[in-house]
Undergrad: 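Please read through the structure below; I'll follow up with questions.
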Amino acid sequence: MSKGRLDDYLFSAQKPKVEPKTQVETPPPSFMEAVRQEKRTRRSFEAPPTLPPSYFVSATYNGDRARAVVKLYEPKSKKIYFWHDTTGHKPYLFTNLSPIELEKLDRVINHPGFDHFETVEKYDPLLWRNLALTKVVAKDPLAVGGRPTGCLRDVIPQEWAKMDKDQQAKVWEASIKYYQCYIYDRQLAPGMIYSVENKELTEAKHETSEENIKEIQTLFTEEPKEFLQPIENWARLLEYPVPEFRRVALDIEVETPTIEIEGKLTFRVPDPRDADHQVICASLLGSDGKKRVLLLKRAGVREGVEKIPAEISVEYFDSEGKLILAIFEALWDYPFLITFNGDDFDLRYLFHRAQKLGIRRSEVPIELGRKNCLLCYGVHIDLYKFFFNRSIQIYAFGQKYRDVTLDDVGDALIGLTKIELTKGLNDLTYTELARYCLRDAEIALKLTTFDDDLVMKLILAITRISRMPMEDVSRQGVSRWIRNFLQFEHRRRGMLIPNTDDILAVKGKTVTKAIIKGKKYKGAIVVEPHPGVHFNVAVMDFPSLYPSIIKVYNLGYQSILCPHEECRFNKVPDTPHWVCTKSQALESLLIGSLRDLRVKWYKSKARDNTLQRELRSWYSVIQAALKVILNASYGVFGAETFDLYCPPVAEATAALGRHSITQIINEAQKLGIEVIYGDTDSIFLKNPSESQINSLAKWSEKELRMELDVDKVYRYAVFSSRKKNYLGVTLEGTVDVKGLTGKKKHIPPFIKESFDLMKTRLSRVKSPSEFEDAKKEIKNIIRDSYLRLKRREWKRIDDLAFNVVLGEAPEHYVKTTPQHVRAAGILKEKGYALKAGDLISFVKVVKEPHVKPVQLASNSEIDVEKYIGYLHSTFDQVLDALGLDFNEIIGLTRLERFM
DNA sequence: GCGGACTGCTTACCT
DNA sequence: ACAGGTAAGCAGTCCGCG
């Protein structure tokens, strides 16, 4: 492969200025002819015998051909090609029964999906020895598992139990999706570059990236050589270039019955399974700049006066069928489709509507799943699922959006909101409808283009790390990502993937007692804060503490409580557990190497201003992806839903975390440093000297074998006696607020605003002497808010609304009825449909039951005293430390008022 | 029958 | 379908009280 051609696949900033002359071969005409012919019956996008470097974006199983199929995105033509397996790979499971024993089981050998037996040796990591197993090979994946009854994975143990009561029949690896099994067995890397040569799938090398990988390796020369291989493997996955994704955002509008509640119009969302109503509009916005809005001609609908920008092509259809076929045409064309909730609405609706209208199945580009809707040709990314992911929400986007709605996510990330409707969807003019629908598609598209295609790159980075197809990455949680790369590594090393029950049976449960009732084991330590205002506070932390512990202390399901007598001395403090000293656990190796790579390479590269902007942006994406995965990498071992669930591993990790912070606090005190606060992995040091900080960091490195960094320095920090509750002003004057009520999103904007005023005033304080003036002004801020409440002078009633998320459906609250649920109940009576996840806005009123949904409340009903109480408690968290007293502050004003 | 002490539930936050 | 720890407010319960 020549280097010049591969460079076409780099992001644009790395591209040579002059367009290279070499053109990517267009597929031979015979192939194109075949496509055209097949299109009439069933479309096919078979890769030609030679395909230039292309990105592995997805894998699935083709039932007709009974083989795995890989979707390859060729970035020059911006098309997807299908490559079908040529190796005859088949689905299978492992069992401890011998072929002779299995032969006796009629329901196995006569199973229509049964193919043949093979005898194999596999290393069992729980028993620490090889097992002789039988590989039961099947003709199709559903024969192994996936059907509710009659699968080989169920039939084998069932039938054997009838034959022999003493020996138990066991099966392994029978619940792995077939295409994942294929990826593992062929050691493929989704998201990476492959070409097709001589009909074979071939890894493509990228020289510039390979040079980076060499440079990265030099950072780890001190590490043992077993550690270098995972570093190199991760680095390759992360350093390789990223393509431009040609994509289209789709949004459809359906004629809806509207109902009126309290003078407001509410839509009844049409059921996509019934698909009873007409599709009246669709927007298709392409990353290629194509902007289309498709409108259904309907009797009595007027044109409208709104301006539709000239670059948008407005197309009218006299039949709904033609409109839907036009949408489908785009879905047969674009390699990537972006929707917001397309799995549950847009695509599902289109599928069923197409059926109703009698559109031929071969024209419908949608593969209907139970929980998702995939595409026959391209890759469908449902942004709702992606942004719903808690880890993505918190760690990749720093909680910028709280409601997973197109409106809220769009507003928070790209400052674009939905168009508000003043009348029902059915009553809109064509141009009003077009504008509304276009905006939704515009938000969806921009959510994937902002910050240099951040979202697409993030999905690609995780695709590579997790060894999963892009569709799955965007729909599944972080525990699946972690599980899959661990399973992949088991296969690489010929290790049997253990069953969850077996891990639990061999390694047992936890022994420590959690502080919180109902939790499984003891967690982290929070240091009692020293109340008051402290100047010059250095915050030191262990970067990625738990992943470090997993690496340094060799934690994993295999190494914890290993069978070796000689390892029993290697105890985990505060627990009876011990850890293996003989060989390194997979989790320790993989999570440890991923952590080191992030800390030693990507963290600094993401901030390196000497790099080209686009490269730096890719590095910050990797950095964010690693953060998301590493943050969850300890928690998964304590999660019952994780396939490699191992409570003692989670417990040992937390115990070693407590050990680490305790030790470091001890040492800090020995060095004469006052530790004013600490939480889990951080310590707050009061006015430490440079040399004290250095000594502590050195001690940590030497004695704990863990880095300890200065994370930030506060000009001053304000603590009350409450844990997880403080305010810090950095040297640059930005204010960090942690845990204070004034920051919480549910409190009324009225209170939040005065809290923010105080925050701004505090950011200007530079020295203890400047505090006095600030205190005076803060008193004024509080006094002013108090008086405005007393005099009932608020701008809008919404400013007094509490906004609380409904954690469950209203009827699900049986133990107690919290206030927001009470307010929800009132709304429900009025005909609003409410479900889990909805945000309830309510105000506090004088009359029973003391709450009212803000939509229904009027100013005169407000219980002012309640709000003053809230103002009080919100400010108290800071006033304590400043030596101020809320009652005194407002007490003064009471006198003033009567003057 | 009422109020204070208490427990438990719920949400939002921190690491 | 990552974990545990903490704060705050409120709902509901128990218990004492001639």
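When reading the values below, keep in mind they use all heavy atoms of this one structure, side chains included, and skip hydrogens, waters and symmetry mates. Naming: A, B, ... by sequence-line order, numbering from 1 per chain.
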Undergrad: Ignoring backbone atoms, establish whether A:K723 has a side-chain N or O less than 4.0 Å from OP1 or OP2 of C:dT6.
TA: yes
Undergrad: With a cut-off of less than 4.0 Å, is there a side-chain N or O of A:K724 near OP1 or OP2 of B:dA12?
TA: no
Undergrad: State which of C:dG5, C:dA8, C:dA1 makes the closest approach to the side chain of A:Q877.
TA: C:dA8
Undergrad: Select base, sugar-phosphate, or nothing to describe what A:V805 touches, counting heavy atoms under 4.0 Å on all strands.
TA: sugar-phosphate
Undergrad: Looking at the rings of A:Y867 and A:W794, which for Trp means the six-membered one, are their centres under 6.0 Å apart?
TA: no
Undergrad: Heavy atoms only, 4.0 Å cut-off, all strands: where does A:V649 land among base, sugar-phosphate and nothing?
TA: nothing
Undergrad: Counting the atoms with a prime plus P, OP1 and OP2 as sugar-phosphate, which does A:S633 contact under 4.0 Å by heavy atoms, base, sugar-phosphate, or nothing?
TA: nothing
Undergrad: Any idea how A:F387 and A:F397 line up, ring-wise: parallel (<30°), tilted (30 to 60°), or perpendicular (>60°)?
TA: tilted
Undergrad: Taking atom C1' of C:dG5 as reference, at what distance in whole Å does atom CD of A:E528 sit?
TA: 13 Å
Undergrad: What does nucleotides 2-9 of chain B look like as a protein-contact string, B for base, S for sugar-phosphate only, - for none, at under 4.0 angstrom between heavy atoms?
TA: ------SS
Undergrad: Check this for me: A:K686, atom NZ, are more than 12 non-hydrogen atoms of other residues, nucleotides or ligands nearer than 6.0 Å?
TA: yes
Undergrad: Of the nucleotides B:dA12, B:dC14, C:dA11, which one has an atom closest to the side chain of A:K738?
TA: B:dC14
Undergrad: If you define the side chain from C-beta out and look only at heavy atoms, does anything of A:I868 sit under 4.5 Å from A:H872?
TA: no
Undergrad: Would you say the side chains of A:R480 and A:S466 form a donor-acceptor pair under 3.5 Å?
TA: no
Undergrad: A:R722 has a side chain; which of C:dC2, C:dA7, C:dC10 sits nearest to it?
TA: C:dA7
Undergrad: Looking only at non-hydrogen atoms, find the nearest pair between A:A654 and A:Y546 and report the distance.
TA: CA-CE2, 4.2 Å
Undergrad: Touch check for A:F542, heavy atoms < 4.0 angstrom, all strands: base, sugar-phosphate only, or nothing?
TA: nothing
Undergrad: Could you state the atom-to-atom distance from NE2 of A:H872 to P of C:dA7 in whole Å?
TA: 18 Å
Undergrad: Would you confirm whether the ring centroid of A:Y677 sits within less than 6.0 angstrom of the ring centroid of A:Y726?
TA: yes
Undergrad: Counting the atoms with a prime plus P, OP1 and OP2 as sugar-phosphate, which does A:S873 contact under 4.0 Å by heavy atoms, base, sugar-phosphate, or nothing?
TA: sugar-phosphate
Undergrad: Reckon A:A524 touches a base, only the sugar-phosphate, or nothing at all at heavy-atom distances under 4.0 Å?
TA: sugar-phosphate
Undergrad: Taking only side-chain N and O atoms of A:T641, does any of them lie within less than 4.0 angstrom of OP1 or OP2 on C:dC2?
TA: no
Undergrad: Among C:dA7, C:dG4, B:dT10, which nucleotide sits nearest the side chain of A:H820?
TA: B:dT10
Undergrad: Does B:dC14 have OP1 or OP2 sitting under 4.0 Å from an N or O in the side chain of A:Y395?
TA: no
Undergrad: Give the rounded distance in Å between these two atoms: CG of A:D679 and P of B:dC13.
TA: 16 Å
Undergrad: Both A:A514 and A:G635 contact DNA chain C. Taking the nearest nucleotide for each, which residue is further toward the 5' end?
TA: A:G635
Undergrad: A:I525 has an atom CD1; how far is it from atom C1' of C:dA3, in whole Å?
TA: 16 Å
Undergrad: Return the nearest nucleotide to the side chain of A:V478; candidates are C:dG4, B:dT15, C:dC2.
TA: C:dC2
Undergrad: Between A:K844 and C:dC10, is there a contact of a side-chain N or O with OP1 or OP2 at under 4.0 Å?
TA: yes
Undergrad: Going by distance alone, is a donor N or O of one side chain under 3.5 Å from an acceptor N or O of the other, for A:Y714 and A:D736?
TA: yes
